[in-house]
2 protein chains.
Amino acid sequence: MKKFSSRYSIAVHILSLIALSPASCTSDFIAESVNTNPVIIRRIIGMLKKAGLVHVRPGTGGTYLQKGLDEITLLDVYRAVEVADNGNIFNCHEETNPRCPVGANIESVFRTKMVQAQSAMEQELDHVTLKQLVSELKEKSGSI
Amino acid sequence: MKKFSSRYSIAVHILSLIALSPASCTSDFIAESVNTNPVIIRRIIGMLKKAGLVHVRPGTGGTYLQKGLDEITLLDVYRAVEVADNGNIFNCHEETNPRCPVGANIESVFRTKMVQAQSAMEQELDHVTLKQLVSELKEKSGSI
DNA sequence: TCCGTTGTAACTATAATGATTACATCGAGA
DNA sequence: TCTCGATGTAATCATTATAGTTACAACGGA
Ligand code: FES
Ligand code: FES
């Protein structure tokens, strides 16, 4: 890799904007705050919708939270958009030489350790709700 | 992203093989266990060498650990090969609209949370030494 | 001196990402 | 009912990381 897709930070941005903005949040409006193309926004909103985090008013336009701010954690958002193939961020090279004791067994040992490490990260994300994040945002920006 | 590069799992594989194999570990020998091209192995060994984890006998051939197995953690290996640009695995979209309260402030708030999550993962990796990993490998494979 | 090995450069193919254009569809309001 | 703005989505393109491969100079022990 290098880095995760910026889908994640954009998704958090979108949800925060919806939470804070009194205006109707169309993809054009959001795109202006994020500073990207509206289609990028719509794609990400599509994933958030599929995860049950928001609903959209088709035709008329506008995206709205489907849950309370304190019911959405950063982990929920992460899961909604990250799409780490089957959820694992660590890659294990496949098809090692089975006749070598290391090649035959290292995969399961390595994988176990990686699952632990990844879980530690995800638990951390699970402890932060959008409510907390948005309140920190408000502090920094004075008011909206 | 999707996933981290398999460089990481291959690096762990290489170090484990060196620790367990009585034979001289040339890139060809290692490549056969990992089941890939020797050049891939040499590239990764180059990174491990730069990190001070192994040394190589040029000319003659063979790679050897430069530290004790209990002095090398999975975090050391991760740092040696992962090259997550400047070390951050989470991406934050840049150049948001500074005139929008969310765009102006979300980056620093988001970044703080991500650093915490990433640290939790890295701490987990720091708690596993190659010694532990290799001993688990031995258990699974009987003996070498 | 020979010969196997290392260290790199160069090239290719594949895949993910981000951006963009295009357009069918929807739905509220005139 | 018709219009108009918004959504949903397909298609295309440029950029970048990765993995694999060939080629070859440099090294150093036998
Ligand atoms: S087999 Fe996955 S670590 Fe080498
Ligand atoms: S500015 Fe980085 S989250 Fe939108």
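By convention in this document, chain letters (A, B, ...) are assigned in the order of the sequence lines, proteins followed by strands, and residues within each chain are numbered from 1. Not measured: the values here are computed from a predicted model.
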Under 3.5 Å, which donor-acceptor pairs do the side chains of residues 53-74 of chain A form with other protein atoms, sequence neighbours left out?
residue, atom, partner, partner atom, Å
A:E71, OE1, A:G68, N, 2.8
A:T73, OG1, A:L75, N, 3.2
A:T73, OG1, A:D76, N, 3.2
A:T73, OG1, A:D76, OD2, 3.3
A:T73, OG1, A:D126, OD1, 3.3

Separation of [N] [atom2] from [X] [atom1] (nearest whole Å):
X: A:I44; N: C:dG18; atom1: CD1; atom2: C1'; answer: 10 Å
X: B:I10; N: D:dG20; atom1: CD1; atom2: P; answer: 7 Å
X: A:Y8; N: C:dA16; atom1: OH; atom2: P; answer: 21 Å
X: A:D28; N: D:dG8; atom1: CG; atom2: P; answer: 13 Å
X: B:I41; N: C:dG7; atom1: CD1; atom2: P; answer: 13 Å
X: B:I30; N: C:dT6; atom1: CD1; atom2: C1'; answer: 12 Å
X: B:F4; N: C:dA16; atom1: CZ; atom2: C1'; answer: 15 Å
X: A:E95; N: D:dG20; atom1: CD; atom2: P; answer: 10 Å

Contacts of type side-chain hydrogen bond (donor to acceptor under 3.5 Å, both in side chains), residue B:E122, not counting sequence neighbours = B:R79, B:Q118

Is [X] close enough to [N] that one of its side-chain N or O atoms is under 4.0 Å from OP1 or OP2 there?
X: B:S27; N: C:dT5; answer: no
X: A:K49; N: D:dG8; answer: yes
X: A:S6; N: C:dG18; answer: yes

Under 3.5 Å, sequence neighbours excluded: what are the donor-acceptor pairs made by side chains of residues 38-49 of chain A?
residue, atom, partner, partner atom, Å
A:R42, NE, A:S27, OG, 3.1

Using salt bridge (Lys or Arg N to Asp or Glu O under 4.0 Å) as the criterion, list what pairs up with A:R111, not counting sequence neighbours.
-> A:E94, A:E107

Residues that B:E124 engages under salt bridge (Lys or Arg N to Asp or Glu O under 4.0 Å), provided they are two or more places apart | none

Which distance, rounded to the nearest 0.5 Å, do you find between the OG of A:S119 and the CE of A:M114?
-> 11.5 Å

Parallel under 30°, tilted from 30 to 60°, perpendicular over 60°: which one fits the rings of B:F110 and A:Y8?
-> perpendicular

For every nucleotide of nucleotides 20-30 of chain C, 5' to 3': is a protein heavy atom under 4.0 Å from its base (B), only from its sugar-phosphate (S), or from neither (-)?
-> BBB---BSS--

